Amino acid sequence: MSKFKVLVTDYTYDTLSPEKEVLATVDAELITAQCRTEEDVIEMAQGVDGIISQYAPISEKVIQSLDNCKVIARYGVGFDTIDVKAATEKGMMVSNVTDYCAEEVSNHAFALLLASARKIVQLHESVQNEKWDAKIMKPVYRLSEQTLGLVGFGNIPQMLAKKAQAFGLDIITYDPFASADVAASMGVRIVELDELCHESDFISVHPPLNKHTQGMLSDDQFKKMKKEAFVINTARGPVIDEAALIRALQAGEIAGAGLDVLETEPISQDNPLLEMDNVILNPHAAFYSAESETELKQKTAQNVADVLQGNFPTYLVNLELKQN
């Protein structure tokens with residue numbers, strides 16, 4: 001019999017071999033499920049020593065039902081599906097993986113920027129419809145004379161900044177927690193959000209989702225943007241007030257959007273964004289590469305293994321537990 005039991009509440013992966021290999025080193029058995037509700041998680045998690053979760057709700061109700069669990073590890077950077085406060089009050093460590101897909105997401109954000117700037121999708125669809133006419137892309141402007149505004153300045157937007165600078169874009173950022181020294185060393189100017197909206201030709205959104213960032217781009221912000229501006233989101237859908245975005249697009253207040261994430265996923269088939277030829281929609285795919293998926297799975301499992309051995313995980317969310 002294994003020393004520990006670890007529940008994977010839900011997953012969309014083809015294999016869990018990387019997790020099993022890591023957890024085997026601490027004599028932990030992996031139990032798998034496809035939980036969708038709080039009740040599903042509560043039923044499956046009784047008696048487990050650790051939880052790994054992808055999308056299942058790890059709410060206060062769930063956490064209060066756990067008597068033996070020491071760690072809740074999320075597949076991913078964000079942890080908005082976990083009630084961190086409730087976990088902290090019970091002394092449960094919460095972990096994520098902050099660095100596994102920085103290259104992929106920054107590449108994807110820049111791909112959406114380039115596709116928007118050069119109107120790649122519209123040109124492709126035009127050729128498919130037997131229209132061979134480059135004039136449909138007008139107007140298009142030279143990248144090296146434009147400004148990219150980064151909402152958030154963590155690992156991913158910093159990588160994006162370097163890539164965009166290679167194309168000659170001027171970079172500004174809004175992030176109340178950004179290091180002025182780091183920004184200055186990268187040639188990035190820190191501004192207020194209103195100034196970023198007013199100056200940027202492209203706005204790429206990167207903050208975590210929490211009560212302070214939910215809907216932070218809404219009607220007031222869109223009204224301050226240039227009519228030529230494109231909004232890119234590879235972070236979390238609810239950071240943008242989607243109804244306000246739709247209103248801004250319909251009113252011509254901004255030029256378009258490239259969205260890998262939405263308020264509701266999958267997208268509803270009656271969503272007006274589906275009918276807009278100046279909007280590029282992706283199915284929350286920016287994180288993925290074969291390498292990043294394996295890295296995520298290994299690091300998530302290692303977070304659990306570390307805690308089961310009596311250590312703090314490398315990627316601890318509730319840092320206050322270190323102070324107790």
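Since this is a predicted model, take the numbers as computed values, not measurements.
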Original post:
Under 3.5 Å, is there a donor-acceptor pair between the side chain of D80 and the main chain of L209?
Top reply: no

Original post:
Is a side-chain N or O of D10 found less than 3.5 angstrom from the main chain of Q34, in a donor-acceptor match?
Top reply: no

Original post:
Looking at Y100, is K299 sitting on its ring face, NZ or CZ under 6.0 Å from the six-membered ring centre and within 45 degrees of the normal?
Top reply: no

Original post:
Is it true that atom CD of Q250 has more than 12 heavy atoms of other residues, nucleotides or ligands lying nearer than 6.0 Å?
Top reply: yes

**OP:** Indicate yes or no for a side-chain donor-acceptor contact from S218 to the backbone of G215 under 3.5 Å, with no hydrogens or angles considered.
**Re:** no

Original post:
Out of T264, N271, N233, which residue meets the side chain to side chain donor-acceptor pair (under 3.5 Å) rule with E242?
Top reply: N271

Original post:
Is N318 reaching over with its side chain to a backbone N or O of L321, donor-acceptor style, under 3.5 angstrom?
Top reply: no

**OP:** Rounded to the nearest 0.5 Å, what's the gap from CG on D241 to CG on D219? Could you check?
**Re:** 6.0 Å

Original post:
Taking atom types as modelled, is there a side-chain donor on D40 or T37 under 3.5 Å from an acceptor on the other?
Top reply: yes

Subject >> For E199, the option from K226, K224, R189 that meets salt bridge (Lys or Arg N to Asp or Glu O under 4.0 Å) >> reply: R189

**OP:** Evaluate the side-chain contact (heavy atoms from CB on, under 4.5 Å) criterion for residues R74 and V97: first the C-alpha distance (whole Å), next the side-chain angles of each, then the deciding distance (0.1 Å), finally the verdict.
**Re:** CA-CA 8 Å; R74 177 152 198 283; V97 183; over 6 Å; no

Original post:
Centroid-to-centroid, F153 to Y174, below 6.0 Å?
Top reply: no

**OP:** Using modelled atom types only, decide if a donor and an acceptor are shared between the side chain of T294 and the backbone of A290 within a distance under 3.5 Å.
**Re:** yes

Original post:
Minimum heavy-atom separation for S65 to I42, with atom names?
Top reply: OG-CG1, 3.5 Å

**OP:** Kindly state each residue pair satisfying side-chain hydrogen bond (donor to acceptor under 3.5 Å, both in side chains) with at least one member in residues 158-173, sequence neighbours excluded.
**Re:** S106-K163, N107-K163

Original post:
What about the rings of Y55 and Y11, do their centers lie closer together than 6.0 Å?
Top reply: no

**OP:** Spell out, as yes or no, whether a donor-acceptor pair under 3.5 Å connects the side chain of T213 to the backbone of P207.
**Re:** no

Subject >> E265 side chain to L262 backbone, donor-acceptor under 3.5 Å >> reply: yes

Original post:
Just checking, any donor-acceptor pair under 3.5 angstrom between side chains of T9 and S53?
Top reply: yes

Original post:
Is N96 reaching over with its side chain to a backbone N or O of G78, donor-acceptor style, under 3.5 angstrom?
Top reply: no

Subject >> Flag, side chain of T15 to backbone of S17, donor-acceptor distance under 3.5 Å >> reply: yes

Original post:
Looking at residues at least two apart in the chain, or sitting in another chain, which of them share a ring-ring contact (aromatic ring centres under 6.0 Å, His included) with Y315?
Top reply: none

**OP:** Would you indicate whether E192, at its atom CD, is surrounded by more than 12 heavy atoms from other residues, nucleotides or ligands within a distance under 6.0 Å?
**Re:** no

